[in-house]
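Data first, discussion second: the structure below is written as structure tokens.
By convention here, the first residue in the shown sequence is residue 1.
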Amino acid sequence: MRDAIQSAVDQCPAFTIRIDTTSGQWKQFFAKEHILVRHIIAHNSYEHVLDQLKRQARIPFSFTGEALAELSIIEVEHRVLFFMHISHAIFDAFSLDAFLLKVEHAYVKPLDRRVRNDTYLDYVDAWSRKTATDQASLVLNALDSNIDFGNDNIVCDGNEHALKPLIGHRECICGKVASEIAEIHGATTFAVLLSAYAFLIGQLTHVDSVGVAIPYANRPKKRLDDIGLYVNTLPLHITIDPDESFDYYLERIQHDLRILSEHQNADVLSLPGVIAPQCAITYYTHFQTLNLPDVTINRIDLPNESSMFPVSIRIERDGNELIVLNESNGMYRDIPFGRYIARFCEEVSCNGRIRLGDISLLNDEEERAMLSSINGDGMEFRCSAATVCSMVAAHAAIRPEAVAVIYKQTQLTYADVEHISNRLARFLCRHVEARYVIVSEPVSAYLAPLILGIFKAGKVYVPVDSVMPDSRKRLIMDQLTDYAIIGDSCSGHNYMGAIASCLSFAAQYDDGPYTPRCHAEDLAYILFTSGSTGVPKGVPVRHASMVSLFDAASSRFEYDEMDVWTMFHSYSFDYSIWEMFAPLTSGGRVVIVPPNIKMYPDEVRKLLVEHQVTMFSQTPSSFSNMQTHEETVENHSLSCIRYLFLGGEYIHAHMCDAWIAKYRQYGTVIVSLYGVTEATVLSTHAVLDDRKRKVNGVIGRPFPNTYCYVRTISGHVAPEGFLGELVLGGVAVSDGYFRRHSDAFCGDANIPGPVFHSHDMTYLNSKGDLIYVARNDSQVKISGHRIEIGEIKTAINKYHGCVDCVVTVRQFADGDKRIIGYYVSDRYLDIDSQSLRTFLKQHLQPYMIPAFLVPIDHIPLTVNGKVDIDELPTPDISSVTDLAEQSSSQTTLKRMMDIWRKVLCIPNVQPDDRFFEVGGSSLLLAKTYALILQTFKLTEKDVDMIDLFTYTTPQAMAEFIDGLALQKMTGTDLNQGDSSL
């Protein structure tokens, strides 16, 4: 055996090639010495030797002039291992066939030791390089293809171990069906397998156009047995049209393969601007292994951490069977490609003219099993017949003196809430004929009884933030037509006054028991969200849907009348429904966080400690501020928090590790919550244990009141690991947008009853958890607010002199996403960004205004005519320096400007730039505050975060800090003396 292998090695000059890059240049040459095949007798166990070889296979070769191959014969426990470890720089996969054939011949008969005079290096110079570039353009023209073969939807689940490829995961499927399909349609077996693979990738990544890399042997017919790096990978665009029949689809692929086969030497991937594919497939007409007389041989595929493509499979024919090896990275290494290729072939073999959109990768039984595994006991969920009003009243009857609501110094007991809401209900029934009651005033302790009073009167609650621009309020009112307003800054014939006035009028009515006029199927509230046309969309929600939320949540989380909750978010944000009524329907207490302290983690912390809050809800952005501040606090006063709910935004892996490290011993449970307004606030949940905290975007499993599944691009139930749209159903789902048709609420054969197509891209991981990836439309989430990019574009385009615009979202760091608006001015009018910002403040919610407004000459386009996001200018952060390297001799102003430059990621900070007008946000304010304390060695007693709202420019803040320094030097309190100071 050893002699045969050595003889084959000596026949191959490629094994003596060396590469030396130590001089900074690529130097390739032949070494005089030959590679010697080592003969090793191992005294360890077979498993131990195999583990050693696996580790050895992971060690990359160094290009320092050393040998680029090692071959060994190892005797261990009555077995013989033939180990090959060869650099791809001198040996491609097609070389393996030629080499093994030489070994087989040498095993039977010694080989002729003569070697050709023309060498692999000569071949590269003489033939390969001469025509490669010229042929590349010919290939693209013949295929009528653009140069973008990429796939932006290739994702990874964030597990560190999942980033490593696993070469050797293999499946064995019947190859006879694929061969029969090829024969019927006059195609090659590879064309059939490629058609299945491309379709599979389209379903896996939710795209209708797939770029596939296909390796070709790239050898002249006279040199098919040559050994070296001849292989050339050619890209192919394959469009998957759901309305196209399979036979036409296969014909297209076969045609394109003929073109590639005729131009195997084309260096397409080296052309300027070409975006390489991220998926690859290799097909061998035989199984690559040794065949020696009277010897039983098994091939062992070892792990290899140098996979070129995130998604890659290798198919080898072994008689009537096909061996499918998954060579993919990350989450894709667990995809059973062989099973789905076999399923595809089974479908098209029955009907060669089947529409591609009708091909499902799961049969009926598998689809039912998938739906059952996702939804579990939710399939049997039954909602109670109660309403929020009756649930709160029940607790008021049992514990009337228990505190229900706290806002600043005002406390309301359950008896207070019940009495006030009864009076308001009677008042509204007597004086308000309108069906819809708009609430638009600053938050107060009386918000809860006001909403309950609206419910009890049989009216529909419509929250409208009091700080919303008047123009946007008018868009909402125009849709309602039949409405009354309770607020402190409104006017008109249907204006009822502020809540204080309503309470005063209602005082004359009886506060005794009142029979609510609302029922489970009646509308409870309408919440308006961002709309792509610039007109907000109303989402009507029934009382039954609200109750189902609290019934479902209480079955998953342990909370009762002893718990203290916070209402942190605006009442115009759907999350406030959960924060306010989860405690009130369970007998607990809700503490409303004053708006003026929400930006300050230290003040929020004081409130949490003062009221011993046990149930705390945050968006990830707000939580990031809290966690950053918490790391500076030594005590463990927040151990009172039992549940920490995170929702409304993407949750990054490891984002709560610091909190867990501090409070693990107290048993704090951190929960990821996902939901949409159209499905009553919350739809899925995941307890972020040690495993799930390592995963990006985990949203877990549905609540019992929600029925959901992941839908492929073709509209079928997605298998595990396949990216698709999350479809929601069940009692929590709204019947549709208010007085507006939308395909998002169209029916679905897989879910009975109301259905909402969320446009949220998710997949089901191997642990059974749903993973959120991204939006599949123009909506984004910033600080928990779902924002329609189209609404911002509409507002910008309305500005006089703006001819076009693009609105994007850039992520500067984990949790730091900002909206950027690019605008093109009329050639005769130069738009001032500050004037544009002032205009937008009159038409958009504050959280919708872009952090940056950037003028551009034109909108860059890709070769496909789409906006080229990568070509849009972004803030230049290359000039941002590390503050740790700053010299202590810098002036206070310069150091302050450096802090802004670092946090805001903008190079040109001016002394008079106002923080929130140059891209600042609440998250970035907290980072700025932390850096100020660190840079100037100050404490919270020296500088309060509220000072950053007083001194909003670098100049003002620098002067304030200089004043602090003077105060410490002189011992003078600068706040004493002249009050004007």
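Here His39 pairs with Arg2, Ile41, Ile73, Glu75 under the side chain to side chain contact (heavy atoms under 4.5 Å, CB included) rule; sequence neighbours left out. Remark: Glu346 engages Arg343 in a salt bridge (Lys or Arg N to Asp or Glu O under 4.0 Å) (not counting sequence neighbours). Asp657 meets the salt bridge (Lys or Arg N to Asp or Glu O under 4.0 Å) test with Arg693; sequence neighbours excluded. The ring-ring contact (aromatic ring centres under 6.0 Å, His included) check on Phe63 picks up Trp26, with sequence neighbours excluded. With sequence neighbours excluded, no residue satisfies side chain to side chain donor-acceptor pair (under 3.5 Å) with Thr16. Annotation: salt bridge (Lys or Arg N to Asp or Glu O under 4.0 Å) contacts of Asp769 (sequence neighbours excluded): Arg691, Lys692. Evaluation of the side chain to side chain contact (heavy atoms under 4.5 Å, CB included) rule for Glu365 yields Asn363, Arg368 as partners, not counting sequence neighbours. Not counting sequence neighbours, the partners of Ala69 by the side chain to side chain contact (heavy atoms under 4.5 Å, CB included) test are Phe15, Leu71, Ile86, Ile90. Among residues two or more places apart in sequence or in another chain, the side chain to side chain contact (heavy atoms under 4.5 Å, CB included) test is passed with Glu66 by Thr64. Applying the ring-ring contact (aromatic ring centres under 6.0 Å, His included) criterion to Tyr283, with sequence neighbours excluded, gives Phe190. For the ring-ring contact (aromatic ring centres under 6.0 Å, His included) test, no residue two or more places apart in sequence or in another chain qualifies with Phe82. Partners of Gln203 by side chain to side chain donor-acceptor pair (under 3.5 Å), not counting sequence neighbours, listed by chain and number: Thr712, Ser714.
A salt bridge does not link Arg339 with Glu171: none of the charged nitrogens is closer than 4.0 Å to a carboxylate oxygen. With respect to Arg219 and Asp92, a salt bridge is recorded, a charged nitrogen being found less than 4.0 Å from a carboxylate O.
When side chains are defined from C-beta on, Ile300 does not count as touching Leu53, because their heavy atoms never get closer than 4.5 Å.
Taking the six-membered ring for Trp and thresholds of 30 and 60 degrees, His85 and Phe83 have ring planes inclined between 30 and 60 degrees apart.
Between Leu236 and the choices Ile281, Val268, Asp256, the side chain to side chain contact (heavy atoms under 4.5 Å, CB included) rule is met once, by Asp256.
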